[in-house]
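As structure tokens, the structure follows; a few thoughts come after it.
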Amino acid sequence: MRTFDLSPLYRSTVGFDRLFSLLDQASGVEAGVPGYPPYNIERTGENAYRITMAVAGFGDSDLSIESRENTLTVKGEKKPEEGKDSEVLYRGIAGRSFERRFQLADHVEVKGASLENGLLHVDLVREIPEAMKPRTIAISSGKNASQQIEAKAA
């Protein structure tokens, strides 16, 4: 039997977690998290999510976040420091540019972003339009049903 690795899809999507959880359970696959910068995707509520990215060394002006057509793009570009006379003997903190894309499910919107202690937090929420939410339909019986139908047809 062939096994399919869905981890690349699972790592870069938000809002499809129920579907991928079912697929992972059926296939026994666990998602790994390779790449730079490292990040977490967590559910903070019934329809709320948070992406946390480790962006040590990047400031507000070095980061940009863009949401377009169900795709969230986070870019980081470190601007060269001018006028600094020190010599770096060992560079363990990565300052390389990056671009990370996340596919968002329908109706998932970015609510805000914050940068604190080297972690970029992007808050997302799924807001289903009122027309797409389930609703209950009243069932009428007897003469009242035929009278209502005639009243609406006229």
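Residue numbers run from 1 in the order of the sequence given.
- Hydrophobic cluster membership differs between Val125 and Leu104, with clusters built from Ile, Leu, Val, Met, Phe, Trp and Tyr side chains linked at under 4.5 angstrom.
- With hydrophobic clusters built from ILVMFWY side chains whose heavy atoms lie under 4.5 angstrom apart, Leu119 does not share a cluster with Tyr49.
- The two residues Asp106 and Arg126 come nearest to each other via the heavy atoms O-CG, 4.3 Å.
- For the atom pair Glu109 CD and Asn70 CG, the distance stands at 10.0 Å (nearest 0.5 Å).
- When side chains are defined from C-beta on, Arg50 does not count as touching Leu124, because their heavy atoms never get closer than 4.5 Å.
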Side chain to side chain contact (heavy atoms under 4.5 Å, CB included) assessment of Ile51 paired with Leu72: CA-CA 11 Å; Ile51 298 173; Leu72 174 68; 3.8 Å; yes

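- The aromatic ring centroids of Phe58 and Phe98 lie less than 6.0 Å from each other.
- Lys75 places a side-chain heavy atom less than 4.5 Å from the side chain of Glu99.
- Across all their heavy atoms, Ala54 and Pro37 have their closest contact at O-CB, 3.3 Å.
- To the nearest 0.5 Å, the span separating CD on Gln103 from CD on Glu69 amounts to 10.5 Å.
- Cation-pi geometry between Arg100 and Tyr39 is not satisfied (NZ or CZ under 6.0 Å from the ring centre, within 45° of the ring normal).
- Both Val55 and Tyr36 belong to a common hydrophobic cluster when Ile, Leu, Val, Met, Phe, Trp and Tyr are linked at side-chain heavy-atom distances under 4.5 angstrom.
- The shortest distance between side-chain heavy atoms of Thr52 and Glu42 falls below 4.5 Å.
- Note: the hydrophobic cluster containing Ile65 also contains Ile41 (ILVMFWY, side chain heavy atoms under 4.5 Å, direct or indirect links).
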